[in-house]
A.B. asks: 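Before anything else, here's the structure in question.
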2 protein chains.
Amino acid sequence: MVTRASSSGRRQFLTRRIVVAAGRRVAESEGVGGLTIRRVAAELGAAPMAIYRHVKDKQELILALLDDVAQGLPPLPAEGGTPQERIVGAFAAVDAYLARHVWVVEILRQGELFAPRAAALFVWTLDQFAELGKDDRQGTDAYAQLWWYVLGHLSYLPGVAPERRAARMELLASSVGDPGRVREAVRSFGHETAFLNGLRTLVDALAAR
Amino acid sequence: MVTRASSSGRRQFLTRRIVVAAGRRVAESEGVGGLTIRRVAAELGAAPMAIYRHVKDKQELILALLDDVAQGLPPLPAEGGTPQERIVGAFAAVDAYLARHVWVVEILRQGELFAPRAAALFVWTLDQFAELGKDDRQGTDAYAQLWWYVLGHLSYLPGVAPERRAARMELLASSVGDPGRVREAVRSFGHETAFLNGLRTLVDALAAR
DNA sequence: ACCTGAACACCGTTCAAGT
DNA sequence: ACCTGAACACCGTTCAAGT
């Protein structure tokens, strides 16, 4: 996976862009847990300390990664349909995009957020709820509530990795008086459709209250 | 913080209970990030390797901690009121309890869950929705949707630490065309009341759909 | 100016000892 | 049986070099 050799020249062969791109490759393939300065340096065939010339410390690298991912966020839905449909579409798209980059969720949880892309979604959401006759105070509450729902779903995703599913299921079933009932109830559960249905339910309720 | 000295005797002075209790003290005061085998050992005045006699590895210690916290989960509401009120009460109580132990949320996110306490909440929730005329398939979806909402709220908590709030606010406001509107909208936002209102809205909608 | 190497203070964990 | 010490393979980061 070494994309650059340090052998040829001595002069600058690293840039912030290159470092961030390498960091992203590492995070994408091994998760945030596997993201280390030394690992990124190895990815680039450089000495670990070379990284520090382009990034203040590990925290700054992580924030740069967050920014990088934010660039790829799907665009907000334009006109068409009801505000409810647009809101569902927007949050479902954000959820789907971030689900493809679960490692980011761990960073988001550390209290970071992607501005300005998060800010754009926030204001856009205020506008949608304004169309539904809600003021910005109500819109803010609704935005937070929708975001919690999405963040919770994303946070739960690592647990549904196929190899974990069976073990969790058994743990759950065996802890209860009627294991058969639990197994039966969970059998047909699909988190994606449950997520979407719940999102629709929540948006409609927020619009109607 | 050393609660036991290794000096006096040579024979067993550690037990699994003692190790787990020390681990919990460390996690509670420094978070999961500060939880290290070596730190726990120091807390007990023991050699790091002594820990491994009572706990297989760090992962097992973490699971034991999860179990320990689960013991303190609030009891499920008994009869009285509508199912909706009981459901809101139960999930709000779980949220409040875990909010007092935020470090646990990081573990939950790693895909672990507390059985059998989680199982009890799950089955209890199925029962409540059964009273509302929903079958276990619908109840399972509702449980997942409520849990995502709670987990998202808990995941968001570290970001509202007082010292972070102002910085986040500015980052958000400055990223947008109309900073004044954002500041005004967010001014009166209170995440606890927003959480509770959203929970009520969601439960009522799930009951009605 | 940019990269490197050695070093420091940390990790989890194994293994061979001590009592 | 239980605890300890040295050791190994990792971290992030600082500092003094090299070109």
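A note on names: the letters A, B, ... follow the listed sequences, proteins ahead of strands, and every chain is numbered from 1.
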A.B. asks: Charged N to carboxylate O under 4.0 angstrom, B:Arg183 versus B:Glu170?
C.D. replies: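 Salt bridge flag = yes for B:Glu170 with B:Arg183.
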A.B. asks: Check whether any side-chain N or O of A:Gln12 sits under 4.0 Å from OP1 or OP2 of C:dA1, and answer yes or no.
C.D. replies: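 For A:Gln12, the contact criterion (side-chain N or O under 4.0 Å from OP1 or OP2 of C:dA1) is not met.
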A.B. asks: Expressed as a whole number of angstroms, how long is the span from A:Arg39:CZ to D:dC11:P?
C.D. replies: 9 Å
A.B. asks: Is it true that A:Asp127 and B:Arg181 have a side-chain N and a carboxylate O under 4.0 angstrom from each other?
C.D. replies: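 A salt bridge is present here (some side-chain N lies under 4.0 Å from a carboxylate O).
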A.B. asks: Rounding to a whole Å, what distance do you find between B:Leu44:CG and D:dT4:P?
C.D. replies: 11 Å
A.B. asks: Go through it in stages, so that I can follow the logic: the residues are B:Val203 and B:Glu85, the test is side chain to side chain contact (heavy atoms under 4.5 Å, CB included), and I'd like the CA-CA distance, side-chain angles, deciding distance and then a yes or no.
C.D. replies: CA-CA 9 Å; B:Val203 169; B:Glu85 286 164 351; over 6 Å; no
A.B. asks: Within the 4.5 Å heavy-atom criterion, are A:Leu66 and A:Leu108 side-chain neighbours or not?
C.D. replies: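 Contact flag for A:Leu66/A:Leu108 side chains = yes.
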A.B. asks: Taking atom P of C:dT14 as reference, at what distance in whole Å does atom CD1 of B:Ile37 sit?
C.D. replies: 11 Å
A.B. asks: Starting at atom CD1 of A:Ile18, determine the distance to atom P of C:dC2, rounded to an integer number of angstrom.
C.D. replies: 13 Å
A.B. asks: Can you tell me which nucleotide in C:dT4, C:dG12, D:dT13 comes closest to the side chain of B:Tyr52?
C.D. replies: C:dG12
A.B. asks: Select from B:Ala50 and A:Arg53 the residue whose nearest nucleotide in DNA chain D is closer to the 5' end of that strand.
C.D. replies: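 Taking each residue's closest nucleotide, the earlier one in sequence belongs to B:Ala50.
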A.B. asks: Check this for me, if you would: do B:Glu184 and B:Arg187 make a salt bridge, where the nitrogen-to-carboxylate-oxygen distance has to be below 4.0 angstrom?
C.D. replies: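 Yes, this pair counts.
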A.B. asks: Can you figure out which of D:dT13, C:dC3, D:dT4 approaches the side chain of B:Ala47 most closely?
C.D. replies: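 Comparing D:dT13, C:dC3, D:dT4 against the side chain of B:Ala47, the answer is D:dT4.
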A.B. asks: Rounded to whole Å, how long is the line connecting atom CD of A:Gln59 with atom C1' of D:dT13?
C.D. replies: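 After rounding, the reported distance stands at 15 Å.
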A.B. asks: Any side-chain heavy atom of A:Glu30 within less than 4.5 Å of one from A:Leu35?
C.D. replies: no
A.B. asks: Rounded to the nearest angstrom, tell me the gap between atom CG in A:Asp57 and atom P in D:dC11.
C.D. replies: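 It is 17 Å, rounded to the nearest whole Å.
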A.B. asks: Could you measure the distance from the CG atom of A:Asp67 to the CZ atom of A:Arg117? Nearest 0.5 Å is fine.
C.D. replies: 10.5 Å
A.B. asks: Please tell me which of the listed nucleotides, D:dT13, C:dC3, C:dT13, lies nearest to the side chain of B:Lys58?
C.D. replies: C:dT13
A.B. asks: Please determine whether a side-chain nitrogen or oxygen atom of B:His54 lies at a distance below 4.0 Å from atom OP1 or OP2 of D:dC2.
C.D. replies: no
A.B. asks: Between D:dT13, D:dG5, D:dC3, which nucleotide gets closest to the side-chain atoms of B:Met49?
C.D. replies: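 Of the options given, the side chain of B:Met49 lies nearest D:dG5.
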A.B. asks: Within this structure, what is the CD-to-C1' distance between A:Glu60 and D:dG12, rounded to whole angstrom?
C.D. replies: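 From A:Glu60 CD to D:dG12 C1': 15 Å.
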A.B. asks: Report the stems of DNA chain C as range-with-range entries sorted by first number; a stem here is at least three consecutive pairs, Watson-Crick or G-U wobble, both distances under 3.5 Å, and write none if there are none.
C.D. replies: C:4-8 with D:12-16, C:12-16 with D:4-8
A.B. asks: Can you figure out which of D:dC3, C:dC3, D:dT13 approaches the side chain of A:Arg38 most closely?
C.D. replies: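 In terms of side-chain proximity for A:Arg38, the closest of D:dC3, C:dC3, D:dT13 is D:dT13.
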